[in-house]
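First comes the structure, then the notes that go with it.
Quick caveat, the model's predicted, so the values are computed rather than measured.
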Amino acid sequence: MRKFLFLIIMISSLLSNSFAAELSISAAMGTRELISEIGNRFEKQTGNRVIFNFSSSGKLAKQIESGAPADVYISASKFWMDYLVKKGVVDKESALPFARTKLVLVVPENSKVTSLEKAEKIAVGDKLAPVGKYALETLKNLGLYEKVKERLVFAPTVRQITIWVITGNADAGIIYYSDYLKFKDKLKLIEVFPESSHRPIMFYVGLVNFSQKKNLGKEFEEFLLSQDGKEFEKFGFFKVNEGR
């Protein structure tokens, strides 16, 4: 009986100590596959557990500002990163761009829609989702907004836009190229919008000031920035800060 109890205690001890520490990463939904892969690789290399929280950049920023647990913040928007820096929530020196992507128009795989103007229901991001801001900026700069504004439907994340288009709940959607690439077997790419029609679509990483694991967060940030550009490209991103 004592041997059995000792074995149970040993197993429990091993399970509880299988990870040296836990790192909480709040990341924009559009980075889900990329950050999940890099985070899992970091976990295996360091023995530290990585906990992910994926949502829109704006929603995550508001959560972190309100005290939600987070050690690292990854944003699809400079606006929301700067917002947390100004609030003193994210360390200014740590806030860096690490990837960029493109903005595209997609329709369901078997759709006959060939342009934005021919779509009856167009899905874009809402005011908290950076993909929505890029979409509205693009539509206005290309002189298309007034023509389609009554046909816009708003989603909280780029992933929701993608799902609406795949399921036929929207005739078209404006999403990141990186999201199109994840579901290219279910979507048709209609147009890549000119980069001159919107601000650069950059993704940022920053360390949360109230984190109790700043050193571990810094280690993850350096790990992210050190990844080969090819790892980014397979997910539809293009690495920035190549010199880091």
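At distances below 3.5 Å, not a single donor-acceptor pair connects side-chain atoms of K121 with backbone N or O atoms of G173. Of the possible donor and acceptor atoms, none in the side chain of D71 sits under 3.5 Å from a partner among the backbone N and O of L23. Proximity of a side-chain donor or acceptor of R100 to a complementary backbone N or O of P200 within less than 3.5 Å is not detected. With K214 contributing its side chain and L207 its backbone, the two residues share no donor-acceptor pair below 3.5 Å. Side chain of K239 to main chain of D228: no donor-acceptor pair is present (N/O by atom type, distance under 3.5 Å, no hydrogens or angles).
Residues A155 and A129 share a closest heavy-atom pair of O-CB, 4.5 Å. For the pair S178 and T101, the tightest heavy-atom approach, listed with the atom from each and the gap, is N-OG1, 3.5 Å. Of all non-hydrogen atoms in A76 and Y134, the two that sit nearest each other are O-OH, 3.6 Å. Heavy-atom minimum distance, K147 versus R151: O-NH2, 3.0 Å. Counting all heavy atoms, side chain and backbone alike, P194 lies closest to S197 at O-OG, 2.6 Å.
Atom CD of Q212 has 12 or fewer heavy atoms from other residues, nucleotides or ligands within 6.0 Å. The number of heavy atoms from other shown groups lying within 6.0 Å of NZ (K234) is above 12. Heavy atoms of other residues, nucleotides or ligands lying less than 6.0 angstrom from NZ of K188 number more than 12. The 12-atom threshold is not exceeded at NZ of K186, counting heavy atoms of other residues, nucleotides or ligands nearer than 6.0 Å. Around atom CG of N215, no more than 12 heavy atoms belonging to other residues, nucleotides or ligands sit under 6.0 Å away. Other residues, nucleotides and ligands place no more than 12 heavy atoms under 6.0 Å from the NZ atom of K59.
Taking the six-membered ring for Trp and the full ring otherwise, the centers of F203 and Y176 sit less than 6.0 Å from each other. Aromatic ring centres of F235 and F237 lie farther apart than the 6.0 Å criterion allows.
Here the straight-line distance linking atom NZ of K213 with atom CG of N48 works out to 9.0 Å at 0.5 Å rounding. Between the OG atom in S57 and the CE atom in M29 there is a gap of 10.5 Å [rounded to 0.5 Å]. If you take OH on Y204 and CD1 on I74, they are separated by 14.0 Å, rounding to the nearest 0.5 Å. Taking OG1 from T114 and NZ from K112, the interatomic distance works out to 11.5 Å, rounded to the nearest 0.5 Å. Distance check: F193 CZ to K102 NZ gives 13.5 Å after rounding to the nearest 0.5 Å. Between the CG atom of N169 and the CD1 atom of I161 there is a distance of 13.5 Å, given to the nearest 0.5 Å.
Side chain to side chain, N53 and Q63 meet the donor-acceptor criterion of an N or O pair below 3.5 Å.
With a 4.5 Å cut-off on side-chain heavy atoms, L224 and I35 count as touching. The shortest side-chain heavy-atom distance between F223 and R41 falls under the 4.5 Å cut-off. A 4.5 Å side-chain heavy-atom check between L139 and L116 finds at least one atom pair inside the cut-off. The shortest side-chain heavy-atom distance between V124 and F154 falls under the 4.5 Å cut-off. Residues I175 and F183 form no side-chain contact, since every pair of their non-hydrogen atoms from C-beta on lies 4.5 Å or further apart. In this structure the side chain of I201 never reaches within 4.5 angstrom of the side chain of E195, judged on heavy atoms. Taking the side chain as every heavy atom from C-beta outward, H198 and N141 never approach each other to under 4.5 Å. Under the 4.5 Å side-chain criterion, counting only non-hydrogen atoms from C-beta, F42 is in contact with E219.
The hydrophobic cluster containing L105 does not contain I163, counting ILVMFWY residues as joined when their side-chain heavy atoms lie under 4.5 angstrom apart, directly or transitively. Note: the hydrophobic cluster containing I51 does not contain I64 (ILVMFWY, side chain heavy atoms under 4.5 Å, direct or indirect links). Both L152 and V165 belong to a common hydrophobic cluster when Ile, Leu, Val, Met, Phe, Trp and Tyr are linked at side-chain heavy-atom distances under 4.5 angstrom. V106 and W164 fall into different hydrophobic clusters, where Ile, Leu, Val, Met, Phe, Trp and Tyr are joined by side-chain heavy atoms under 4.5 Å apart, directly or via other members. In terms of hydrophobic clustering, with Ile, Leu, Val, Met, Phe, Trp and Tyr side chains grouped at heavy-atom distances under 4.5 Å, F52 and F98 are assigned to a common cluster.
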Evaluate the salt bridge (Lys or Arg N to Asp or Glu O under 4.0 Å) criterion for residues R199 and E137: first the C-alpha distance (whole Å), next the side-chain angles of each, then the deciding distance (0.1 Å), finally the verdict.
CA-CA 8 Å; R199 287 163 294 166; E137 183 180 4; 2.9 Å; yes
Please walk me through it: do M81 and M202 pass side chain to side chain contact (heavy atoms under 4.5 Å, CB included)?
CA-CA 11 Å; M81 184 60 78; M202 305 286 279; over 6 Å; no
Determine whether R159 and E33 satisfy the following criterion, salt bridge (Lys or Arg N to Asp or Glu O under 4.0 Å), listing intermediate values before the conclusion.
CA-CA 11 Å; R159 187 56 49 87; E33 283 72 20; 3.0 Å; yes
Trace of the side chain to side chain contact (heavy atoms under 4.5 Å, CB included) decision for V113 with I190:
CA-CA 9 Å; V113 173; I190 298 299; 5.8 Å; no
Does V50 form a side chain to side chain contact (heavy atoms under 4.5 Å, CB included) with N40? I'd like the steps, not just the answer.
CA-CA 7 Å; V50 178; N40 291 335; 5.7 Å; no
Dump the intermediate steps for side chain to side chain contact (heavy atoms under 4.5 Å, CB included) on L103 and V131, then the final yes or no.
CA-CA 8 Å; L103 196 68; V131 68; 4.2 Å; yes
What verdict does the salt bridge (Lys or Arg N to Asp or Glu O under 4.0 Å) test give for E233 and K230, after you've listed the backbone C-alpha separation in whole Å, the side-chain angles of each residue and the deciding distance to 0.1 Å?
CA-CA 5 Å; E233 289 173 17; K230 292 181 180 178; over 6 Å; no
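Paired with N209 under the rule side chain to side chain contact (heavy atoms under 4.5 Å, CB included), one option of V85, L84, D91 passes, and it is D91.
Between Y83 and W80, the two ring planes are perpendicular [angle over 60°; tilted spans 30° to 60°].
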